[in-house]
Amino acid sequence: MSLGLTDKGWGRRRLIGLALAALLIIIAPALTLQRLSDESAEAAEMLAHTQAVGARLYNLQAGIRDAESAALILSLGVQSPKLQQRLLRGDGVTHDLNELIRLLSDSPDQLVRLGKIESLLEHRMELARRIAHSNDSPERKALIEEMTFQYPIRPEVEALQQRENARLAERTLKTQRQQQLSSVVKWSTLVAQLLMLALVLWLLKRQMGSRAKAEQRLSRASARANAVLQTVREPIVLLDENLQVVLHNTAFAELYSVDESDLNRRQLQTIGEGAWDDAIIRQRLADVLLRGRELWDFEHEQTGVDGMARTMLINARRMHLPDSDDEVVLMTISDITLQRAVQVRVEELNRQLEGKVEQMADVNRELEAFSYSVSHDLRAPLRHVAGFSDKLGKHLGEGADERTRHYLQVIRESAQRMADLIDDLLVYSRLGRGAMRMQPVDMQSLVADTCALLDSNLKAEAEANADGEVRHVEWNIGPLPVLVADENMMRQVWLNLLGNAVKYTAGRDKAVIDVSSQQLTDGSHQFVVSDNGAGFDMQYASKLFGVFQRLHKASEYAGTGIGLASVRRVLTRHGGRIWAEAQVGKGATFSFVVPRVSDLTHKDASI
């Protein structure tokens, strides 16, 4: 759409540019030629003016010569009326002088010359009249010399004539240049007009080509749109103001088992054997067209041609047809019968799940009551058993035989083992029910603290046995990251895993425990704890993380069999996992993965 608007804008600007160029080519030369024509006419007038000045100067000189020659002849005693007339004609040169003044009124320097000529002319004519009436030869000679040498008029006339000739030459040159410029403008205008004509023809050809390409693109786009429309599996139909079918796709015809050629201009209510014979849906569609109300996710129950009831999801909106001024309703139809059935089933399962949740709540409450009973009611009898066995041993004193002391020792150890089991069960229960407090946890510090605690326990055990030797464990701790997790739960993980490693390396002269980590490609972190201890048989690895599942005899290694189950519960609640690899007598390797914080579900998982 934006590309089409851009093309239209560019075409409009190009048309305006051509119009301006045409006006410039036509009007500018016309104005230039008009100006040159006016200047040529002005030059012609000036040429005629110069010629008129020359003619007046010639008449002026002729009159002066006639008058002066008549005066000379009359001074010789020749009396003739014609000579008198010629002498009088010299007085008439004033008319020619006035005409020259009028013609040269635009030239101040020429007017100055004419003033001088007029003054000289008055003196010469006065001397000419005196010469005509003089009979004395010396006097006449003196007058002639005075007239000739003191009042020379020819230089001024020649200067005036030269000035006019110079102006005539300038005007002639200007006229020639104007004629040349006019010729250049005419030919340039002709060339420009020819170029403009060629440009117009080229643009017209290009426009015709662009229109042909646009029509071809439009045809292809229409074909593509129709192909997409027919390929879409969702039924689509266009309806006019009378709810008659204007356009449809194949899916619509297939849904209602109608021949596509019979659908055009059919009433909607006659399609699908009454599937659309519903006043409400027809009113809704009419409102879409008349009032512009959009119909979104309207569910309509229909009975298809096969007699099956279906739930159809209808969406409709008003749209304008690009090839006409008509407005139609675009309606899409989706068969959501299966989705509706699934939704009903999901709602039923949700109700069942709510019942299960309530049952789980009851079970959790019973577990809490059981935990309270275990932590309080069972501990008192154990304390009584342990306490009275000690008192019985003290009461018997040295009189007790070896068997009696053995029985009392078994009673005390069993009570202690029962207390340890109760403590581990309570820890296991709290790990599954307690709320998680997610925060940044420095695994490096957590592992260091755990190692220090285990070393302290080994030292305490050695001090408890008078002849016991302190075990030394070689810890190889690699760089560990900071993760977002529950710190207390992670502390329990490291305490159980590293404690197991210390416990099962008791038979080694030199216990070596390695801890390392690496970041995986998905952003999670994998931790590895390996030791050189007793190991285990991999065929029993599936029992390793179960409650009370032990792969070694209690007489060999102490423990309740709950530690690894607790580790698995913590990691599961964090969205992670744990696994182990080992060989008998060659140590074991425990690996676990903690996902990145965005992958955690933050849901309490009960195991």
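We use all heavy atoms of the structure for the numbers below, so side chains are in, but hydrogens, waters and symmetry mates are not.
Among all heavy-atom pairs drawn from P595 and H574, the shortest one is CG-O, 3.3 Å. When every heavy atom of F252 is checked against every heavy atom of I236, the shortest pair comes out as CB-O, 3.9 Å. Here the shortest heavy-atom pairing between P481 and S517 reads CD-OG, 3.5 Å. The shortest non-hydrogen separation linking S591 to V528 is OG-CG2, 3.7 Å. Pairing each heavy atom of A316 with each of L285, the nearest pair is CB-CD2, 3.9 Å. Counting all heavy atoms, side chain and backbone alike, G535 lies closest to A582 at CA-CB, 4.3 Å.
Between Q492 and M490 there is no side-chain heavy-atom pair separated by less than 4.5 Å. Within the 4.5 Å cutoff, no side-chain heavy atoms of M443 are placed close to those of V482. In this structure, the side chains of E327 and L289 come closer than 4.5 Å at one or more pairs of heavy atoms. Side-chain contact check for S334 versus M312: every heavy-atom pair is 4.5 Å or farther apart. When side chains are defined from C-beta on, M331 counts as touching I314, because their heavy atoms get closer than 4.5 Å. The shortest distance between side-chain heavy atoms of Y256 and Q302 falls below 4.5 Å. The side-chain heavy atoms of Q339 and Q343, taken from C-beta on, include no pair separated by under 4.5 Å. Counting heavy atoms from C-beta outward, L454 and L498 have side chains that approach closer than 4.5 Å.
Rounding to the nearest 0.5 Å gives a distance of 11.0 Å between CD1 of I578 and CD of Q526. The structure places OG1 of T337 at 7.5 Å from CE of M308, a figure rounded to the nearest 0.5 Å. To the nearest 0.5 Å, atom CG of residue L290 and atom CD of residue Q283 are 8.5 Å apart. The distance from atom CG of N496 to atom CZ of F590, rounded to the nearest 0.5 Å, is 10.5 Å. I271 contributes atom CD1, which lies 9.0 Å from atom CH2 of W276 (distance to the nearest 0.5 angstrom). The CG atom of D287 sits 13.0 Å away from the CZ atom of R282 when rounded to the nearest 0.5 Å.
A search for side-chain hydrogen bond (donor to acceptor under 3.5 Å, both in side chains) contacts involving T250 returns Q230, E260, not counting sequence neighbours. Listed by chain and residue number, Q439, V441, L446, R491 satisfy the side-chain contact (heavy atoms from CB on, under 4.5 Å) test with E487 (two or more places apart in sequence, or in another chain). Taking the ring pair (Phe, Tyr, Trp, His ring centres under 6.0 Å) definition, one finds that F527 meets it with W494, F592, sequence neighbours left out. Residues satisfying the side-chain contact (heavy atoms from CB on, under 4.5 Å) criterion with A501, sequence neighbours excluded, are I513, D531. Shown here are the ring pair (Phe, Tyr, Trp, His ring centres under 6.0 Å) partners of W475, two or more places apart in sequence or in another chain: there are none. Residues satisfying the salt bridge (charged side-chain N to carboxylate O under 4.0 Å, His left out) criterion with E254, sequence neighbours excluded, are R233. Judged as a side-chain contact (heavy atoms from CB on, under 4.5 Å), and not counting sequence neighbours, the contacts of T270 are R266, Q267. Not counting sequence neighbours, E581 has no partner by the side-chain hydrogen bond (donor to acceptor under 3.5 Å, both in side chains) test. Under the side-chain contact (heavy atoms from CB on, under 4.5 Å) criterion, N315 pairs with W296, D297, L313, T332, not counting sequence neighbours. For the salt bridge (charged side-chain N to carboxylate O under 4.0 Å, His left out) test, residues two or more places apart in sequence or in another chain that qualify with D335 are R310. Checked against side-chain hydrogen bond (donor to acceptor under 3.5 Å, both in side chains), T589 has no partners two or more places apart in sequence or in another chain.
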Worksheet entry | CA sep, side-chain torsions, deciding dist, call: V594, S524, side-chain contact (heavy atoms from CB on, under 4.5 Å) | CA-CA 6 Å; V594 179; S524 60; over 6 Å; no

Item to complete: Step by step, work out the salt bridge (charged side-chain N to carboxylate O under 4.0 Å, His left out) result for R351 and E348.
Response: CA-CA 5 Å; R351 288 191 295 270; E348 181 181 355; 5.2 Å; no

Worksheet entry | Verdict with reasoning, I281 to L295, per side-chain contact (heavy atoms from CB on, under 4.5 Å) | CA-CA 10 Å; I281 189 63; L295 191 63; 4.3 Å; yes

Item to complete: Assess whether side-chain contact (heavy atoms from CB on, under 4.5 Å) is satisfied between L480 and V515, documenting all intermediate values.
Response: CA-CA 9 Å; L480 302 180; V515 179; 4.2 Å; yes

Worksheet item: So L239 and V237, side-chain contact (heavy atoms from CB on, under 4.5 Å) or not? Walk me through it.
Response: CA-CA 7 Å; L239 304 172; V237 63; 3.9 Å; yes

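Between T311 and the options H300, E301, R340, a side-chain hydrogen bond (donor to acceptor under 3.5 Å, both in side chains) holds for only E301.
Dense packing is recorded around CG of L194, with more than 12 heavy atoms of other residues, nucleotides or ligands lying under 6.0 Å away.
In this structure a side-chain-to-backbone donor-acceptor pair under 3.5 Å is missing from E294 to R317. Q269 contributes no side-chain N or O that, together with a main-chain N or O of L243, makes up a donor-acceptor pair within less than 3.5 Å.
The side-chain hydrogen bond (donor to acceptor under 3.5 Å, both in side chains) contacts involving residues 235-246 comprise D240-R265, where partners must be two or more places apart or lie in separate chains.
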